[in-house]
*Asks:* 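One structure, pasted below without further comment.
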Amino acid sequence: MKISIWQIIKIELMKFLRRRDIFAVFAIVAMTFIYAVGMRDESFKGTENQNALLWLVVQLLTSTVLFIGPVVCAFIGTQMLSSEIDNGSISLFTVRVRNRKKLYLAKSISLIIISVIFFLFTVLVLLGVYAWIVSSGSKFVSGTLTGNNVGALLGMGLMVFLFTYFLMPQFALFVGIKLKPLMAIVAAFGLTVVCNHVLTYTFIKYVNPMSYIYTLAYDVLETTDVVIMEPGFVLKTVMGQVLVSIIYFVLLTVWGLKSFDRKEF
Amino acid sequence: MSLLEIKNLKKKYGEFEALKGLNFSVNAGEIVALLGKNGAGKTTLLNSIAGYIYPTSGDILYKGETLLKSENRLNEFGILIEPTFIPYLNAHDNLDILLKITGIYDDEENIDELLTEVGLKNKTREKTRAYSFGMKQRLGLAQALLNKPQFLILDEPFVGLDPIGKEIFKKIIIQKAREEKVGILFSSHDLEDVEEICDRIVLIDGGEKKFDGVMEYTKTYIAEYVSSNDENKTEKLETEDQDEFMEVLLTLKSSGVKIINLDIRKSSLYDLFKDG
(Lines give C-alpha, C1' and ligand atoms only; values in the text may rest on other atoms or scores of the structure.)
Protein backbone atom coordinates (compact mmCIF):
# COMPACT_ATOMS: atom_id res chain seq x y z
CA MET A 1 0.00 0.00 0.00
CA LYS A 2 1.31 3.47 -0.92
CA ILE A 3 1.54 6.01 1.85
CA SER A 4 0.74 9.61 0.99
CA ILE A 5 2.69 12.71 2.02
CA TRP A 6 -0.29 13.77 4.15
CA GLN A 7 -0.18 10.46 6.08
CA ILE A 8 3.52 10.95 6.79
CA ILE A 9 2.81 14.52 7.93
CA LYS A 10 0.14 13.23 10.34
CA ILE A 11 2.63 10.73 11.78
CA GLU A 12 5.29 13.46 12.13
CA LEU A 13 2.86 15.76 13.95
CA MET A 14 1.87 12.95 16.26
CA LYS A 15 5.54 12.28 17.00
CA PHE A 16 6.11 16.00 17.68
CA LEU A 17 3.35 15.97 20.28
CA ARG A 18 4.60 12.74 21.85
CA ARG A 19 8.14 14.14 22.11
CA ARG A 20 6.70 17.12 24.00
CA ASP A 21 9.07 19.45 22.12
CA ILE A 22 6.46 22.18 22.52
CA PHE A 23 7.76 22.79 26.05
CA ALA A 24 11.01 24.07 24.54
CA VAL A 25 9.04 27.33 24.25
CA PHE A 26 9.84 27.94 27.90
CA ALA A 27 13.54 28.10 27.05
CA ILE A 28 12.74 30.88 24.60
CA VAL A 29 10.61 32.88 27.03
CA ALA A 30 12.92 32.40 30.04
CA MET A 31 14.51 35.80 29.49
CA THR A 32 11.04 37.34 29.20
CA PHE A 33 10.17 36.14 32.70
CA ILE A 34 13.22 37.92 34.05
CA TYR A 35 12.15 41.15 32.31
CA ALA A 36 8.59 40.62 33.55
CA VAL A 37 9.68 40.33 37.16
CA GLY A 38 11.69 43.56 36.76
CA MET A 39 8.71 45.34 35.22
CA ARG A 40 6.38 44.21 37.95
CA ASP A 41 8.59 45.48 40.77
CA GLU A 42 9.62 48.50 38.64
CA SER A 43 13.35 47.74 38.86
CA PHE A 44 13.37 47.50 35.05
CA LYS A 45 14.91 50.39 33.08
CA GLY A 46 13.51 50.99 29.61
CA THR A 47 10.55 52.01 27.50
CA GLU A 48 7.39 52.81 29.40
CA ASN A 49 3.80 52.29 28.30
CA GLN A 50 4.55 49.39 26.02
CA ASN A 51 1.54 48.02 24.23
CA ALA A 52 1.08 44.24 23.81
CA LEU A 53 2.28 44.16 20.20
CA LEU A 54 5.42 46.16 20.88
CA TRP A 55 6.18 44.04 23.94
CA LEU A 56 5.67 40.85 21.93
CA VAL A 57 7.94 41.90 19.06
CA VAL A 58 10.66 43.15 21.41
CA GLN A 59 10.65 39.82 23.25
CA LEU A 60 10.72 37.78 20.04
CA LEU A 61 13.59 39.92 18.75
CA THR A 62 15.48 39.68 22.04
CA SER A 63 15.30 35.89 22.02
CA THR A 64 16.62 35.92 18.45
CA VAL A 65 19.55 38.29 18.95
CA LEU A 66 20.51 36.43 22.12
CA PHE A 67 20.61 33.24 19.98
CA ILE A 68 18.15 31.41 22.28
CA GLY A 69 15.35 31.33 19.72
CA PRO A 70 17.42 30.09 16.77
CA VAL A 71 19.14 27.42 18.88
CA VAL A 72 15.85 26.10 20.31
CA CYS A 73 14.22 26.10 16.88
CA ALA A 74 17.25 24.35 15.40
CA PHE A 75 16.82 21.73 18.13
CA ILE A 76 13.23 21.19 16.94
CA GLY A 77 14.58 20.73 13.40
CA THR A 78 17.17 18.17 14.49
CA GLN A 79 14.47 16.09 16.19
CA MET A 80 12.81 15.55 12.82
CA LEU A 81 15.72 13.91 11.04
CA SER A 82 19.18 14.12 12.58
CA SER A 83 18.06 12.39 15.81
CA GLU A 84 16.25 9.71 13.85
CA ILE A 85 19.33 9.03 11.73
CA ASP A 86 21.40 9.02 14.92
CA ASN A 87 19.23 6.49 16.78
CA GLY A 88 18.49 4.46 13.66
CA SER A 89 14.72 4.88 13.79
CA ILE A 90 14.78 6.56 10.37
CA SER A 91 15.10 3.05 8.92
CA LEU A 92 11.50 2.35 10.04
CA PHE A 93 10.49 4.94 7.46
CA THR A 94 13.06 4.38 4.72
CA VAL A 95 12.25 0.68 4.52
CA ARG A 96 8.55 1.31 4.02
CA VAL A 97 8.53 4.67 2.28
CA ARG A 98 10.86 3.85 -0.55
CA ASN A 99 10.58 7.28 -2.12
CA ARG A 100 13.07 9.15 0.02
CA LYS A 101 12.23 12.46 -1.65
CA LYS A 102 8.61 12.08 -0.60
CA LEU A 103 9.75 11.32 2.94
CA TYR A 104 12.03 14.38 3.14
CA LEU A 105 9.40 16.63 1.64
CA ALA A 106 6.82 15.37 4.14
CA LYS A 107 9.24 16.06 6.99
CA SER A 108 9.94 19.54 5.65
CA ILE A 109 6.23 20.38 5.38
CA SER A 110 5.62 18.92 8.85
CA LEU A 111 8.38 21.14 10.16
CA ILE A 112 6.69 24.23 8.69
CA ILE A 113 3.44 23.27 10.45
CA ILE A 114 5.34 22.59 13.67
CA SER A 115 7.15 25.95 13.32
CA VAL A 116 3.81 27.75 13.05
CA ILE A 117 2.41 25.86 16.08
CA PHE A 118 5.59 26.58 18.01
CA PHE A 119 5.52 30.28 17.09
CA LEU A 120 1.85 30.67 18.00
CA PHE A 121 2.45 28.93 21.32
CA THR A 122 5.38 31.30 22.00
CA VAL A 123 3.14 34.28 21.20
CA LEU A 124 0.46 32.93 23.51
CA VAL A 125 2.89 32.47 26.40
CA LEU A 126 4.39 35.94 25.82
CA LEU A 127 0.93 37.53 25.86
CA GLY A 128 0.21 35.63 29.05
CA VAL A 129 3.33 37.13 30.61
CA TYR A 130 2.27 40.58 29.34
CA ALA A 131 -1.10 40.18 31.04
CA TRP A 132 0.72 39.17 34.21
CA ILE A 133 2.73 42.43 34.12
CA VAL A 134 -0.39 44.47 33.39
CA SER A 135 -2.10 42.93 36.42
CA SER A 136 0.59 44.48 38.63
CA GLY A 137 -0.21 48.02 37.35
CA SER A 138 3.38 48.50 36.14
CA LYS A 139 4.18 51.80 34.37
CA PHE A 140 6.10 49.91 31.71
CA VAL A 141 2.99 48.45 30.11
CA SER A 142 -0.06 50.29 28.82
CA GLY A 143 -2.44 47.36 28.80
CA THR A 144 -3.51 48.18 25.25
CA LEU A 145 -3.15 45.74 22.38
CA THR A 146 -1.57 48.07 19.82
CA GLY A 147 -0.21 51.59 19.41
CA ASN A 148 1.84 53.26 16.65
CA ASN A 149 3.55 51.39 13.83
CA VAL A 150 1.28 48.36 13.89
CA GLY A 151 2.28 47.43 10.34
CA ALA A 152 5.99 47.76 11.04
CA LEU A 153 5.71 45.70 14.21
CA LEU A 154 3.65 43.00 12.53
CA GLY A 155 6.22 43.00 9.72
CA MET A 156 9.01 42.57 12.23
CA GLY A 157 7.12 39.77 13.92
CA LEU A 158 6.79 38.07 10.57
CA MET A 159 10.48 38.53 9.81
CA VAL A 160 11.53 37.12 13.19
CA PHE A 161 9.22 34.18 12.52
CA LEU A 162 10.79 33.60 9.12
CA PHE A 163 14.37 33.76 10.37
CA THR A 164 14.09 32.02 13.72
CA TYR A 165 11.06 29.75 13.51
CA PHE A 166 11.04 28.92 9.80
CA LEU A 167 14.56 29.04 8.35
CA MET A 168 16.51 27.78 11.35
CA PRO A 169 14.54 24.49 11.71
CA GLN A 170 14.76 23.97 7.95
CA PHE A 171 18.51 24.61 8.08
CA ALA A 172 18.83 22.11 10.96
CA LEU A 173 16.75 19.60 9.01
CA PHE A 174 19.08 19.94 6.04
CA VAL A 175 22.41 19.83 7.86
CA GLY A 176 21.01 17.02 10.04
CA ILE A 177 21.24 14.68 7.05
CA LYS A 178 25.01 14.77 7.46
CA LEU A 179 25.55 16.00 11.02
CA LYS A 180 24.70 14.56 14.42
CA PRO A 181 22.02 16.51 16.35
CA LEU A 182 24.41 18.46 18.56
CA MET A 183 26.62 19.44 15.63
CA ALA A 184 23.56 20.51 13.62
CA ILE A 185 22.51 22.80 16.48
CA VAL A 186 26.07 24.18 16.70
CA ALA A 187 25.96 24.84 12.95
CA ALA A 188 22.66 26.72 13.32
CA PHE A 189 24.12 28.72 16.21
CA GLY A 190 27.18 29.53 14.10
CA LEU A 191 24.99 30.67 11.23
CA THR A 192 23.00 32.94 13.54
CA VAL A 193 26.22 34.46 14.90
CA VAL A 194 27.43 35.13 11.34
CA CYS A 195 24.07 36.62 10.33
CA ASN A 196 24.16 38.91 13.36
CA HIS A 197 27.63 40.18 12.56
CA VAL A 198 27.51 40.78 8.83
CA LEU A 199 24.61 43.20 8.76
CA THR A 200 26.05 46.14 6.89
CA TYR A 201 28.43 44.72 4.27
CA THR A 202 27.50 46.01 0.81
CA PHE A 203 26.23 42.87 -0.87
CA ILE A 204 25.78 40.55 2.08
CA LYS A 205 23.18 42.79 3.72
CA TYR A 206 20.79 41.98 0.86
CA VAL A 207 21.14 38.22 1.25
CA ASN A 208 21.25 38.20 5.04
CA PRO A 209 17.72 37.80 6.48
CA MET A 210 18.83 39.36 9.76
CA SER A 211 19.79 42.64 8.03
CA TYR A 212 16.15 43.29 7.15
CA ILE A 213 15.04 42.69 10.74
CA TYR A 214 17.64 45.13 12.05
CA THR A 215 16.72 47.73 9.43
CA LEU A 216 13.22 47.96 10.89
CA ALA A 217 14.30 47.32 14.45
CA TYR A 218 16.63 50.33 14.52
CA ASP A 219 13.86 52.61 13.35
CA VAL A 220 10.94 51.21 15.32
CA LEU A 221 12.50 50.17 18.58
CA GLU A 222 15.22 52.80 18.87
CA THR A 223 12.61 55.51 18.46
CA THR A 224 10.61 53.82 21.21
CA ASP A 225 7.43 53.50 19.24
CA VAL A 226 7.02 57.26 18.78
CA VAL A 227 8.06 57.88 15.19
CA ILE A 228 5.54 56.83 12.58
CA MET A 229 7.15 54.59 9.99
CA GLU A 230 6.58 55.13 6.30
CA PRO A 231 4.43 52.18 5.06
CA GLY A 232 6.27 51.92 1.72
CA PHE A 233 9.61 51.50 3.46
CA VAL A 234 8.18 48.90 5.85
CA LEU A 235 6.63 46.94 3.01
CA LYS A 236 9.81 47.03 0.94
CA THR A 237 11.90 45.80 3.85
CA VAL A 238 9.49 43.00 4.82
CA MET A 239 9.03 41.83 1.23
CA GLY A 240 12.81 41.81 0.76
CA GLN A 241 13.22 39.46 3.70
CA VAL A 242 10.27 37.29 2.64
CA LEU A 243 11.85 36.89 -0.80
CA VAL A 244 15.28 36.01 0.62
CA SER A 245 13.67 33.52 3.02
CA ILE A 246 11.74 31.82 0.22
CA ILE A 247 14.91 31.53 -1.87
CA TYR A 248 16.79 29.96 1.05
CA PHE A 249 13.91 27.60 1.80
CA VAL A 250 13.80 26.43 -1.83
CA LEU A 251 17.57 25.94 -1.91
CA LEU A 252 17.62 24.05 1.40
CA THR A 253 14.76 21.84 0.26
CA VAL A 254 16.28 21.04 -3.14
CA TRP A 255 19.70 20.28 -1.62
CA GLY A 256 18.02 18.31 1.18
CA LEU A 257 16.02 16.18 -1.24
CA LYS A 258 19.15 15.31 -3.23
CA SER A 259 21.31 14.71 -0.20
CA PHE A 260 18.74 12.56 1.64
CA ASP A 261 18.06 10.51 -1.48
CA ARG A 262 21.75 9.60 -1.74
CA LYS A 263 22.23 9.02 1.98
CA GLU A 264 23.35 5.55 3.11
CA PHE A 265 22.47 4.52 6.64
CA MET B 1 10.83 -18.93 -10.03
CA SER B 2 12.79 -17.95 -6.93
CA LEU B 3 11.21 -15.57 -4.47
CA LEU B 4 14.40 -13.53 -4.07
CA GLU B 5 17.28 -13.48 -6.49
CA ILE B 6 20.62 -11.78 -5.98
CA LYS B 7 22.26 -11.13 -9.33
CA ASN B 8 25.92 -10.23 -9.67
CA LEU B 9 25.63 -7.83 -6.74
CA LYS B 10 28.61 -5.56 -6.16
CA LYS B 11 29.21 -2.90 -3.54
CA LYS B 12 32.30 -0.72 -3.43
CA TYR B 13 33.38 1.69 -0.72
CA GLY B 14 36.02 3.71 -2.55
CA GLU B 15 38.61 1.16 -3.59
CA PHE B 16 37.37 -1.49 -1.18
CA GLU B 17 35.02 -4.08 -2.67
CA ALA B 18 32.64 -5.30 0.04
CA LEU B 19 30.61 -7.46 -2.36
CA LYS B 20 32.25 -8.91 -5.46
CA GLY B 21 29.43 -10.03 -7.70
CA LEU B 22 27.23 -12.23 -5.50
CA ASN B 23 24.71 -14.60 -7.03
CA PHE B 24 22.20 -16.74 -5.19
CA SER B 25 18.50 -17.15 -4.65
CA VAL B 26 15.96 -17.94 -1.95
CA ASN B 27 12.73 -19.83 -2.62
CA ALA B 28 9.35 -19.46 -0.95
CA GLY B 29 9.21 -21.46 2.26
CA GLU B 30 12.98 -21.90 2.34
CA ILE B 31 15.21 -20.97 5.28
CA VAL B 32 18.62 -19.91 4.01
CA ALA B 33 21.46 -19.20 6.40
CA LEU B 34 23.99 -16.61 5.35
CA LEU B 35 27.31 -17.47 6.90
CA GLY B 36 30.67 -15.80 6.85
CA LYS B 37 33.40 -14.50 9.09
CA ASN B 38 33.35 -10.96 10.45
CA GLY B 39 33.73 -8.53 7.55
CA ALA B 40 32.73 -11.14 4.97
CA GLY B 41 30.00 -8.88 3.60
CA LYS B 42 26.89 -10.40 5.20
CA THR B 43 25.51 -7.19 6.67
CA THR B 44 26.41 -5.23 3.52
CA LEU B 45 24.35 -7.71 1.54
CA LEU B 46 21.39 -7.57 3.93
CA ASN B 47 21.59 -3.75 4.07
CA SER B 48 21.54 -3.67 0.26
CA ILE B 49 18.38 -5.79 0.15
CA ALA B 50 16.78 -3.63 2.85
CA GLY B 51 17.63 -0.47 0.89
CA TYR B 52 19.76 1.09 3.62
CA ILE B 53 22.66 1.24 1.19
CA TYR B 54 22.82 1.27 -2.59
CA PRO B 55 24.66 -1.49 -4.46
CA THR B 56 27.30 -0.30 -6.94
CA SER B 57 26.02 -2.69 -9.60
CA GLY B 58 23.98 -5.84 -10.05
CA ASP B 59 20.36 -6.40 -9.19
CA ILE B 60 18.06 -7.77 -6.52
CA LEU B 61 14.91 -9.37 -7.86
CA TYR B 62 11.82 -10.09 -5.81
CA LYS B 63 9.21 -12.24 -7.55
CA GLY B 64 11.11 -11.55 -10.77
CA GLU B 65 10.97 -7.75 -10.46
CA THR B 66 13.82 -5.47 -9.53
CA LEU B 67 13.70 -4.18 -5.98
CA LEU B 68 16.11 -1.33 -6.56
CA LYS B 69 13.72 1.00 -8.35
CA SER B 70 10.35 0.02 -6.91
CA GLU B 71 8.74 2.52 -4.54
CA ASN B 72 6.87 0.08 -2.35
CA ARG B 73 9.22 -2.79 -2.90
CA LEU B 74 9.66 -3.76 0.70
CA ASN B 75 6.05 -3.83 1.81
CA GLU B 76 6.10 -7.63 1.64
CA PHE B 77 9.35 -7.82 3.60
CA GLY B 78 9.93 -8.17 7.30
CA ILE B 79 13.34 -6.86 8.28
CA LEU B 80 15.33 -7.26 11.47
CA ILE B 81 18.72 -5.63 11.04
CA GLU B 82 19.78 -4.00 14.29
CA PRO B 83 16.44 -3.45 16.01
CA THR B 84 15.62 0.26 16.05
CA PHE B 85 12.65 2.03 17.54
CA ILE B 86 11.33 5.47 18.31
CA PRO B 87 12.81 5.68 21.81
CA TYR B 88 10.17 7.91 23.40
CA LEU B 89 7.34 5.54 22.47
CA ASN B 90 6.44 2.25 24.11
CA ALA B 91 6.41 -1.12 22.35
CA HIS B 92 2.74 -0.97 21.47
CA ASP B 93 2.94 2.56 20.03
CA ASN B 94 6.10 1.71 18.07
CA LEU B 95 4.25 -1.10 16.34
CA ASP B 96 1.18 1.07 15.88
CA ILE B 97 3.20 3.82 14.17
CA LEU B 98 4.89 1.22 11.98
CA LEU B 99 1.51 -0.03 10.85
CA LYS B 100 0.49 3.51 9.99
CA ILE B 101 3.69 3.99 7.96
CA THR B 102 2.75 0.83 6.11
CA GLY B 103 -0.67 2.33 5.48
CA ILE B 104 -2.65 0.07 7.83
CA TYR B 105 -4.78 1.61 10.57
CA ASP B 106 -6.30 0.15 13.73
CA ASP B 107 -5.00 -3.39 13.84
CA GLU B 108 -4.83 -3.58 17.63
CA GLU B 109 -5.49 -7.31 17.63
CA ASN B 110 -2.48 -8.02 15.45
CA ILE B 111 -0.24 -5.86 17.66
CA ASP B 112 -1.33 -7.55 20.88
CA GLU B 113 -1.03 -10.99 19.31
CA LEU B 114 2.50 -10.33 18.08
CA LEU B 115 3.69 -8.88 21.37
CA THR B 116 2.38 -11.97 23.14
CA GLU B 117 3.99 -14.24 20.58
CA VAL B 118 7.47 -12.73 21.08
CA GLY B 119 7.08 -12.76 24.86
CA LEU B 120 6.60 -9.04 25.51
CA LYS B 121 3.01 -9.17 26.70
CA ASN B 122 3.81 -7.59 30.06
CA LYS B 123 6.18 -4.96 28.68
CA THR B 124 3.98 -3.31 26.08
CA ARG B 125 3.60 0.00 27.92
CA GLU B 126 7.28 0.47 28.79
CA LYS B 127 9.25 3.02 26.76
CA THR B 128 11.57 1.19 24.42
CA ARG B 129 14.56 3.28 25.52
CA ALA B 130 14.44 1.27 28.75
CA TYR B 131 14.49 -2.10 26.96
CA SER B 132 17.38 -4.54 27.29
CA PHE B 133 19.05 -5.76 24.09
CA GLY B 134 17.20 -9.07 24.24
CA MET B 135 13.86 -7.28 24.59
CA LYS B 136 14.78 -5.07 21.66
CA GLN B 137 15.49 -8.19 19.58
CA ARG B 138 12.06 -9.56 20.49
CA LEU B 139 10.35 -6.30 19.60
CA GLY B 140 12.46 -6.17 16.43
CA LEU B 141 11.06 -9.55 15.40
CA ALA B 142 7.53 -8.34 16.18
CA GLN B 143 8.22 -5.34 13.90
CA ALA B 144 9.45 -7.64 11.17
CA LEU B 145 6.34 -9.80 11.39
CA LEU B 146 3.87 -6.93 11.71
CA ASN B 147 2.91 -6.57 8.06
CA LYS B 148 2.53 -10.35 7.57
CA PRO B 149 5.62 -10.54 5.36
CA GLN B 150 6.29 -12.99 2.57
CA PHE B 151 10.02 -12.60 2.98
CA LEU B 152 12.05 -12.22 6.16
CA ILE B 153 15.54 -10.78 6.44
CA LEU B 154 17.11 -11.38 9.84
CA ASP B 155 20.60 -10.24 10.76
CA GLU B 156 21.93 -12.12 13.77
CA PRO B 157 18.45 -12.73 15.18
CA PHE B 158 19.60 -14.86 18.11
CA VAL B 159 22.12 -12.39 19.55
CA GLY B 160 21.25 -11.23 23.05
CA LEU B 161 18.39 -13.68 23.50
CA ASP B 162 17.97 -15.92 26.52
CA PRO B 163 17.39 -19.65 25.83
CA ILE B 164 13.60 -19.21 25.98
CA GLY B 165 13.78 -16.30 23.57
CA LYS B 166 15.93 -18.36 21.19
CA GLU B 167 13.41 -21.18 21.20
CA ILE B 168 10.56 -18.73 20.52
CA PHE B 169 12.49 -17.23 17.60
CA LYS B 170 13.36 -20.63 16.10
CA LYS B 171 9.77 -21.80 16.43
CA ILE B 172 8.45 -18.68 14.72
CA ILE B 173 11.02 -18.87 11.91
CA ILE B 174 10.28 -22.53 11.20
CA GLN B 175 6.52 -22.00 11.42
CA LYS B 176 6.63 -19.02 9.04
CA ALA B 177 8.63 -20.98 6.49
CA ARG B 178 6.78 -24.28 6.73
CA GLU B 179 3.18 -23.12 7.22
CA GLU B 180 3.06 -19.71 5.55
CA LYS B 181 5.73 -20.38 2.89
CA VAL B 182 7.69 -17.29 3.88
CA GLY B 183 11.17 -17.10 2.36
CA ILE B 184 13.78 -16.47 5.04
CA LEU B 185 17.35 -15.23 4.73
CA PHE B 186 19.20 -14.91 7.99
CA SER B 187 22.77 -14.43 9.08
CA SER B 188 24.17 -15.90 12.25
CA HIS B 189 27.40 -16.90 13.92
CA ASP B 190 25.56 -19.36 16.12
CA LEU B 191 26.29 -22.49 14.09
CA GLU B 192 24.28 -24.88 16.25
CA ASP B 193 21.16 -22.81 15.70
CA VAL B 194 21.92 -22.56 11.99
CA GLU B 195 22.27 -26.34 11.72
CA GLU B 196 19.02 -26.78 13.58
CA ILE B 197 16.75 -24.63 11.44
CA CYS B 198 18.21 -23.89 8.02
CA ASP B 199 17.46 -25.68 4.76
CA ARG B 200 20.42 -24.32 2.86
CA ILE B 201 23.63 -22.48 3.51
CA VAL B 202 25.24 -19.65 1.59
CA LEU B 203 28.77 -19.05 2.76
CA ILE B 204 30.53 -15.85 1.77
CA ASP B 205 34.04 -14.68 2.39
CA GLY B 206 35.67 -11.45 1.28
CA GLY B 207 32.49 -10.48 -0.55
CA GLU B 208 32.48 -13.67 -2.65
CA LYS B 209 30.28 -16.72 -2.47
CA LYS B 210 32.26 -19.76 -1.36
CA PHE B 211 29.50 -22.30 -0.84
CA ASP B 212 25.84 -22.54 -1.69
CA GLY B 213 24.01 -25.73 -0.93
CA VAL B 214 22.75 -28.22 1.56
CA MET B 215 25.27 -29.22 4.14
CA GLU B 216 26.20 -32.87 3.79
CA TYR B 217 27.38 -34.24 7.03
CA THR B 218 30.06 -36.96 6.89
CA LYS B 219 31.23 -39.45 9.49
CA THR B 220 34.89 -40.32 9.81
CA TYR B 221 35.73 -43.60 11.50
CA ILE B 222 38.97 -43.56 13.43
CA ALA B 223 40.93 -46.39 14.95
CA GLU B 224 44.20 -46.00 16.83
CA TYR B 225 46.28 -49.13 17.35
CA VAL B 226 49.76 -50.34 18.33
CA SER B 227 52.03 -50.73 15.33
CA SER B 228 52.76 -54.33 14.36
CA ASN B 229 56.38 -53.36 13.52
CA ASP B 230 57.22 -51.36 16.62
CA GLU B 231 55.34 -51.81 19.90
CA ASN B 232 56.32 -48.34 21.02
CA LYS B 233 54.61 -46.71 18.06
CA THR B 234 50.93 -46.17 17.35
CA GLU B 235 49.23 -46.03 13.98
CA LYS B 236 45.98 -44.45 12.96
CA LEU B 237 43.28 -45.44 10.49
CA GLU B 238 40.85 -42.80 9.26
CA THR B 239 38.13 -43.56 6.71
CA GLU B 240 34.65 -42.42 5.77
CA ASP B 241 33.80 -45.90 4.45
CA GLN B 242 32.12 -47.83 7.24
CA ASP B 243 32.49 -51.27 5.55
CA GLU B 244 36.18 -50.73 4.91
CA PHE B 245 36.62 -49.63 8.49
CA MET B 246 34.88 -52.75 9.87
CA GLU B 247 36.94 -54.99 7.58
CA VAL B 248 40.25 -53.48 8.66
CA LEU B 249 39.18 -53.58 12.27
CA LEU B 250 38.36 -57.29 12.11
CA THR B 251 41.67 -58.03 10.36
CA LEU B 252 43.56 -56.14 13.03
CA LYS B 253 41.74 -57.93 15.81
CA SER B 254 42.27 -61.38 14.30
CA SER B 255 45.99 -60.72 13.93
CA GLY B 256 46.17 -59.77 17.63
CA VAL B 257 46.92 -56.08 17.17
CA LYS B 258 46.16 -54.05 20.28
CA ILE B 259 43.55 -51.41 19.54
CA ILE B 260 43.98 -48.34 21.74
CA ASN B 261 41.10 -46.11 20.68
CA LEU B 262 38.02 -46.16 18.46
CA ASP B 263 36.20 -42.96 17.50
CA ILE B 264 33.64 -41.58 15.11
CA ARG B 265 34.03 -37.90 14.16
CA LYS B 266 31.03 -36.16 12.67
CA SER B 267 31.73 -33.27 10.33
CA SER B 268 30.14 -30.03 11.44
CA LEU B 269 29.23 -26.66 10.04
CA TYR B 270 32.27 -25.34 11.83
CA ASP B 271 34.53 -27.26 9.39
CA LEU B 272 32.85 -25.52 6.47
CA PHE B 273 32.97 -22.17 8.24
CA LYS B 274 36.63 -22.57 9.20
CA ASP B 275 37.80 -23.69 5.76
CA GLY B 276 35.81 -20.94 4.05
Side-chain angles (χ1 to χ4, degrees), chain A residues 1-24 75-76 78-107 110 114 177 180-181 257-265, chain B residues 11-13 18 43-44 46-56 62 66-90 93-105 127-129 136 139-140 143-144 146-149 153 155:
Chain A
M1 196 183 287
K2 261 190 180 181
I3 186 165
S4 67
I5 284 190
W6 175 235
Q7 281 168 312
I8 304 171
I9 291 171
K10 277 208 292 196
I11 291 168
E12 288 300 330
L13 294 179
M14 190 274 276
K15 279 161 57 190
F16 167 72
L17 294 176
R18 297 293 294 269
R19 282 198 300 266
R20 300 192 178 97
D21 286 352
I22 194 85
F23 292 116
F75 161 77
I76 303 276
T78 60
Q79 293 301 297
M80 297 287 290
L81 192 57
S82 183
S83 286
E84 293 190 356
I85 293 173
D86 198 38
N87 66 30
S89 62
I90 190 70
S91 63
L92 302 176
F93 289 83
T94 53
V95 162
R96 283 172 173 78
V97 186
R98 293 300 311 146
N99 187 336
R100 294 245 188 114
K101 286 179 177 165
K102 187 200 270 184
L103 184 56
Y104 186 85
L105 201 61
K107 280 183 177 283
S110 310
I114 287 168
I177 298 169
K180 288 193 171 281
L257 288 170
K258 279 187 186 167
S259 181
F260 188 58
D261 200 35
R262 286 195 300 259
K263 174 87 178 167
E264 295 198 331
F265 301 106
Chain B
K11 176 65 186 173
K12 272 187 173 182
Y13 293 104
T43 304
T44 304
L46 298 181
N47 281 339
S48 300
I49 303 170
Y52 298 163
I53 57 173
Y54 298 119
T56 310
Y62 177 67
T66 182
L67 276 181
L68 300 176
K69 285 168 193 157
S70 155
E71 186 175 328
N72 297 296
R73 64 191 198 117
L74 290 168
N75 278 354
E76 291 180 10
F77 279 62
I79 295 167
L80 171 57
I81 300 175
E82 253 189 68
T84 49
F85 317 101
I86 299 166
Y88 47 85
L89 297 182
N90 61 38
D93 292 348
N94 259 287
L95 294 186
D96 186 47
I97 216 165
L98 199 58
L99 270 181
K100 287 185 170 79
I101 298 168
T102 317
I104 304 165
Y105 289 83
K127 296 247 165 69
T128 52
R129 66 161 72 98
K136 284 181 179 170
L139 185 57
Q143 277 183 337
L146 191 65
N147 54 332
K148 299 184 174 68
I153 296 171
D155 189 18

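The structure presented is a predicted model; accordingly, all values stated were derived computationally and were not measured. A note on names: the letters A, B, ... follow the listed sequences, proteins ahead of strands, and every chain is numbered from 1. What you see below is based on every heavy atom in this structure, not just the backbone, and it leaves out hydrogens, waters and symmetry mates.
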*Asks:* When only heavy atoms count and the cut-off is under 4.5 Å, which of residues 80-89 of chain A reach chain B?
*Replies:* Asn87(A), Gly88(A), Ser89(A)

*Asks:* Given a strict heavy-atom distance threshold of 4.5 Å, which part of Leu92(A) is in contact with chain B: side chain, backbone, both, or neither?
*Replies:*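 Contact with chain B: backbone and side chain both.
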
*Asks:* What heavy-atom pair brings Arg100(A) and Tyr52(B) nearest, and what distance separates the two atoms?
*Replies:*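 Closest pair (atom of Arg100(A), atom of Tyr52(B), distance): NH2-O, 4.0 Å.
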
*Asks:* What part of Tyr54(B) lies closer than 4.5 angstrom to a heavy atom of chain A: side chain, backbone, both or neither?
*Replies:* both

*Asks:* With chain A as the partner, which of Ile81(B), Ile79(B), Leu89(B) has the greatest number of non-hydrogen pairs under 4.5 Å?
*Replies:*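 Answer, by heavy-atom pair count under 4.5 Å with chain A: Leu89(B).
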
*Asks:* Yes or no on side-chain contact (heavy atoms from CB on, under 4.5 Å) for Lys100(B) and Ile3(A), after CA distance, side-chain angles and deciding distance?
*Replies:* CA-CA 9 Å; Lys100(B) 287 185 170 79; Ile3(A) 186 165; over 6 Å; no

*Asks:* Can you find a pair of side-chain heavy atoms, one from Phe93(A) and one from Ile101(B), that are under 4.5 Å apart?
*Replies:* yes

*Asks:* Heavy-atom cut-off 4.5 Å, strictly under: side chain, backbone, both or neither for Glu82(B) against chain A?
*Replies:* neither

*Asks:* Just to verify, what does Asn147(B) make a side chain to side chain contact (heavy atoms under 4.5 Å, CB included) with, not counting sequence neighbours?
*Replies:*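 Result, side chain to side chain contact (heavy atoms under 4.5 Å, CB included) vs Asn147(B): Arg96(A), Thr102(B), Pro149(B).
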
*Asks:* Any chance NZ of Lys127(B) has more than 12 other-residue heavy atoms, nucleotides or ligands included, within less than 6.0 Å?
*Replies:* no

*Asks:* Chain A heavy atoms under 4.5 Å from Leu98(B): which part of the residue, side chain, backbone, both or neither?
*Replies:* both

*Asks:* Would you mind checking which part of Lys263(A) comes under 4.5 Å of any heavy atom in chain B, side chain (CB onward), backbone (N, CA, C, O), both or neither?
*Replies:* backbone

*Asks:* Does Tyr88(B) form a side-chain contact (heavy atoms from CB on, under 4.5 Å) with Lys15(A)? I'd like the steps, not just the answer.
*Replies:* CA-CA 9 Å; Tyr88(B) 47 85; Lys15(A) 279 161 57 190; 3.5 Å; yes

*Asks:* Using a 4.5 Å cut-off on heavy atoms from C-beta on, say whether the side chain of Ile86(B) contacts that of Arg18(A).
*Replies:* no

